[in-house]
Amino acid sequence: MSATATRLRRVAAVATAAVAVTACGGAVLLPPSVSSNDRGVGPVVESMRRTISDPNAIVPSRSVQESTLIGASSTSPLDILVVGGGATGCGVALDAATRGLRVGLVEREDFSSGTSSRSTKLIHGGVRYLEKAVFNLDYGQLKLVFHALEERKQVIENAPHLCHALPCMTPCFNWFEVVYYWMGLKMYDLVAGRHILHLSRYYSVQESIELFPTLARKGKDKSLRGTVVYYDGQMNDSRLNVGLACSAALAGAAVLNHAEVVSFLKDEGSERIIGAKIRDNLSGQEFETYAEVVVNAAGPFCDSVRKMANKDAQSMICPSSGVHVVLPDYYSPEGMGLIVPKTKDGRVVFMLPWLGRTVAGTTDSNTSITALPEPHEDEIQFILDAICDYLNVKVRRTDVLSAWSGIRPLAMDPTAKNTESISRDHVVCEDFPGLVTITGGKWTTYRSMAEDAVNAAIKSGKLSPRNECITGNLRLVGGDGWESSSFTVLAQQYVRMKKTHGGKVVPGVMDTASAKHLSHAYGTLAERVATIAQNETLGKRLAHGYPYLEAEVAYCARNEYCESAIDFIARRSRLAFLDTDAAGRALPRIIEILAKEHNWDRSRQKQEMRKAREFLETFKSSKNAQFHDGKHQ
């Protein structure tokens, strides 16, 4: 069959599906909603919302949380102990706590220290999955897209200060691509139904260049014919994860970062898991915590947790590496992304504006599981090569401000008879009594993954929740009452008091960039940070060209379980991800403030500096990487 005939068949398939959807008004594609919005739990939601959004609420201290875990004895156990503080683990803790269950959570490193902070930053339904669903007539893939689009909307609504809709431009270099992508993305709109963000549309070449000035009109043997722009969501992933942890703590969960499961406790008769021995990695103290059910949400490390229960457990994780690079803001305009669904070698490549810079990616290759994955130089060069074909700006390796690698935990169900296909969906299983494992999936669907895991834990432990899941209609800390104009209050009512090198205190303007940053990072709690900047002379910026303030270090140490310099530069702020070298320059002042907050001695401060510098070495900016390829120098 000729290439032209194949193309026409593909267009016909999309058109047929689109017509079918339109003819049915979209109803045929919209299964009955089972979200918690429709479950009649209004009073419970309102009560929990008041608790989480209380402007005077303070999360329990780390020592209090640890004491709660130590107090969970064999005669008075927790209902659920969660292992892993990523998006899914913190989502499980929040879901279970808001159902009235007694919950604990431990995380070996920091909340969002693994895959959850190293994502693409997109909250998406999965355009590629929709394409597969149409061409393979795969209703299973279609259900995945339905579900992800519903969850996409809920994630944005539950954390509006940290998430927003982002237009994404798809360049078309022949008229077939114009028709194909336009029809496919119209289907994406239709499948989203009432969960749609904005309608997709076609832009001419001239309109496209006005929207994305660095987009090339001509490539190798091809000319731009226009673009199709559609919408997905974007987030500040690790701050969303920290928000989940703090919301869970306010809801009653005992969450503890830098605490590692050393071994499981088992019932002598039944061999059922009834708790865990935990080591506090900050103090070295070990203690036992008992629970009716343990939920394993350790992401790429879930197999090592499962093998603590059963050393012969069959592996269920097939790790995949995703590398991203951060480039200066002039590579992409503010408020418009660029996504190429299929490059010359068949891979997807994108460039997205993110926190004042441009993030580009990604790769998808087999990898080994490690705590600090590093991007390989050839992966960075692949990304630069791929975006080079679509830009009129010179792409240089020396422009790379930061580059990082994340491990996607692609999952196989160990209980399934057919293990040939690796799922991009999530898997929930209990292959050892008392240990429920949740893995796979993606950031977009963390909330429903958590719901499924809690449902499985309730069944396993015969637990008695007070109510059903309510997280589908529950705003996270800082989100309730937040408006996009909230930053104006900060700009008008606060100043940044700064101490000069000579020790003199001088007032500084709470400029728009700082005010917007605080408002988006902390939501309705931003005024607390601004108050510290004003009243405690912590109004200086931590790094030139970035809006992060000294006050944020103190605030995060007091209110967000920020226990190390790495916690701050990587997860509370995003400086390590945005500009590795700027993060390195900010370290001395960050450690100085944290030392005051946590009473660190000189030895601990030196240790923090050493660990943070070693951490930053894994982010391959142009300054800390060795590269010899002249193409992008």
*Considering residues at least two apart in sequence or located in another chain, which fulfil the ring-ring contact (aromatic ring centres under 6.0 Å, His included) criterion with His517?*
Tyr548
*What distance do Tyr561 atom OH and Gln65 atom CD have between them, rounded to the nearest 0.5 Å?*
4.0 Å
*Inter-residue atom distance Leu240.CG - Asn236.CG, 0.5 Å rounding*: 8.0 Å
*Donor-acceptor under 3.5 Å (Asp303 side chain, Met316 main chain)*: yes
*Any sub-3.5 Å donor-acceptor pair from Thr363's side-chain atoms to Val323's backbone N or O?*
yes
*Quick one: do the Ser321 and Ser405 side chains pair a donor with an acceptor below 3.5 Å?*
yes
_side chain to side chain contact (heavy atoms under 4.5 Å, CB included) for Val261 and Val106? Distances and angles first, verdict last._
CA-CA 8 Å; Val261 170; Val106 291; 3.8 Å; yes
*With a 3.5 Å cut-off and no angle check, do the side chains of Thr445 and His147 form a donor-acceptor pair?*
no
*Residues forming a ring-ring contact (aromatic ring centres under 6.0 Å, His included) with Trp354, sequence neighbours excluded*: none
*Could you tell me whether a side-chain N or O of Thr618 sits under 3.5 Å from a main-chain N or O of Phe615, the two making a donor and an acceptor?*
yes
*Using distance alone, with no hydrogens and no angle criterion, decide if Asn559 and Tyr522 have a side-chain donor and acceptor under 3.5 Å apart.*
no
*Could you go through the side chain to side chain contact (heavy atoms under 4.5 Å, CB included) check for Val326 and Phe619 one step at a time?*
CA-CA 10 Å; Val326 171; Phe619 287 72; over 6 Å; no
*asked:* Could you check whether any side-chain heavy atom of Asp389 comes within less than 4.5 Å of a side-chain heavy atom of Val340, counting everything from C-beta outward?
replied: no
*Side chains of Ser365 and Glu379, donor plus acceptor under 3.5 Å*: yes
*Establish, from distance only, whether the side-chain atoms of His426 and Thr439 form a donor-acceptor pair under 3.5 Å.*
no
_Leu338 and Cys168: CA distance, side-chain angles, deciding distance, side chain to side chain contact (heavy atoms under 4.5 Å, CB included) verdict_ = CA-CA 5 Å; Leu338 181 74; Cys168 299; over 6 Å; no
*Do any N or O atoms from the side chain of Thr358 and from the backbone of Pro328 form a donor-acceptor pair under 3.5 angstrom?*
yes
*Using atom types as modelled and distance alone, determine if a side-chain donor or acceptor of Thr120 lies under 3.5 Å from a backbone N or O of Leu122.*
no
_For Arg571, salt bridge (Lys or Arg N to Asp or Glu O under 4.0 Å) partners two or more places apart_ = Asp110, Asp567
*Are Arg397 and Glu377 ion-paired here, with the side-chain N under 4.0 Å from a carboxylate O?*
yes
*Are more than 12 heavy atoms from other residues, nucleotides or ligands located less than 6.0 Å from atom CG of Asp601?*
yes
*Set of residues satisfying side-chain hydrogen bond (donor to acceptor under 3.5 Å, both in side chains) with respect to Thr289, sequence neighbours excluded*: none
*All salt bridge (Lys or Arg N to Asp or Glu O under 4.0 Å) counterparts of Glu109, not counting sequence neighbours*: none
_Under a plain distance cut-off of 3.5 Å, with no hydrogens placed, do Gln154 and Arg447 share a side-chain donor-acceptor pair?_
yes
*Do Arg589 and Glu550 meet the salt-bridge criterion of a basic N to acidic O distance under 4.0 Å?*
yes
_Can you list everything that forms a side-chain hydrogen bond (donor to acceptor under 3.5 Å, both in side chains) with Glu374? Sequence neighbours excluded, please._
Lys620
*How would you list, by chain and number, every residue that makes a side-chain contact (heavy atoms from CB on, under 4.5 Å) with Leu282, sequence neighbours excluded?*
Arg62, His258, Asp280, Glu563, Arg604
*Intermediate values then yes/no, side-chain hydrogen bond (donor to acceptor under 3.5 Å, both in side chains), Asn392 and Thr214*: CA-CA 5 Å; Asn392 60 24; Thr214 54; 5.2 Å; no
*Under the ring-ring contact (aromatic ring centres under 6.0 Å, His included) test, which residues partner Tyr231, sequence neighbours left out?*
His198
*Quick check: does any side chain N or O of Glu597 sit under 3.5 Å from a backbone N or O of Cys556, one acting as donor and the other as acceptor?*
no
*Determine yes or no for a side-chain-to-main-chain donor-acceptor pair under 3.5 angstrom, with Trp443 supplying the side chain and Ser116 the backbone.*
yes
_Any donor-acceptor N or O pair under 3.5 Å, side chains Thr580, Ser402_ = yes
*Any donor-acceptor N/O pair, His544 side chain to Ala582 backbone, under 3.5 Å*: no
*asked:* Under the rule for ring-ring contact (aromatic ring centres under 6.0 Å, His included), what residues qualify as partners of Phe432, not counting sequence neighbours?
replied: none
_Under the rule for side-chain hydrogen bond (donor to acceptor under 3.5 Å, both in side chains), what residues qualify as partners of Ser238, not counting sequence neighbours?_
Arg574
*List the steps, then state whether salt bridge (Lys or Arg N to Asp or Glu O under 4.0 Å) holds for Glu151 with Lys442.*
CA-CA 11 Å; Glu151 291 298 317; Lys442 58 184 180 180; over 6 Å; no
*Taking Thr115 for the side chain and Ile407 for the main chain, is one N or O donor matched with an acceptor at less than 3.5 Å?*
yes
*Kindly indicate whether a cation-pi arrangement holds for Arg108 with Phe301, taking the cut-offs as under 6.0 Å to the six-membered ring centre and within 45° of the axis.*
yes
*Minimum heavy-atom separation for Ala159 to Leu476, with atom names?*
CB-CD1, 4.2 Å
*Got a salt bridge between Glu614 and Arg610, using NZ or NE/NH1/NH2 to carboxylate O under 4.0 Å?*
yes
*Where do Val349 and Ile387 land on the side chain to side chain contact (heavy atoms under 4.5 Å, CB included) test, with the steps shown first?*
CA-CA 7 Å; Val349 69; Ile387 64 174; 3.7 Å; yes
_No-hydrogen, no-angle side-chain donor-acceptor test under 3.5 Å, Ser315 and Lys307_ = yes
*If you look at every heavy atom in Ile339 and Val348, which pair is closest and at what distance?*
CG2-CG1, 4.3 Å
*Flag the pair Asp237 and Arg118 as a salt bridge only when some basic side-chain nitrogen lies within less than 4.0 angstrom of an acidic carboxylate oxygen.*
no
*Please check if the side chain of Ser112 supplies one atom and the backbone of Ser117 the other of a donor-acceptor pair under 3.5 Å.*
yes
_Stepwise side-chain hydrogen bond (donor to acceptor under 3.5 Å, both in side chains) test for Tyr331 and Asp399_ = CA-CA 10 Å; Tyr331 273 80; Asp399 285 338; 2.7 Å; yes
*Identify the heavy atoms of Met169 and Leu215 that sit nearest to each other, and give their distance.*
SD-CD2, 3.9 Å
*asked:* Looking at every heavy atom in both Ala521 and Leu162, which two are closest together, and how far apart are they?
replied: O-CD2, 3.8 Å
*Is the number of heavy atoms from other residues, nucleotides or ligands under 6.0 Å of Lys540 NZ greater than 12?*
yes
_With Tyr546 via side-chain hydrogen bond (donor to acceptor under 3.5 Å, both in side chains) - residues at least two apart_ = Arg357, Asp579
Run the side-chain donor-acceptor check on residues 85-95: report pairs under 3.5 Å with partners two or more places apart or on a different chain.
unit_1 : atom_1 : unit_2 : atom_2 : d
Asp95  : OD1    : Arg99  : NE     : 2.5
Asp95  : OD1    : Arg99  : NH2    : 3.1

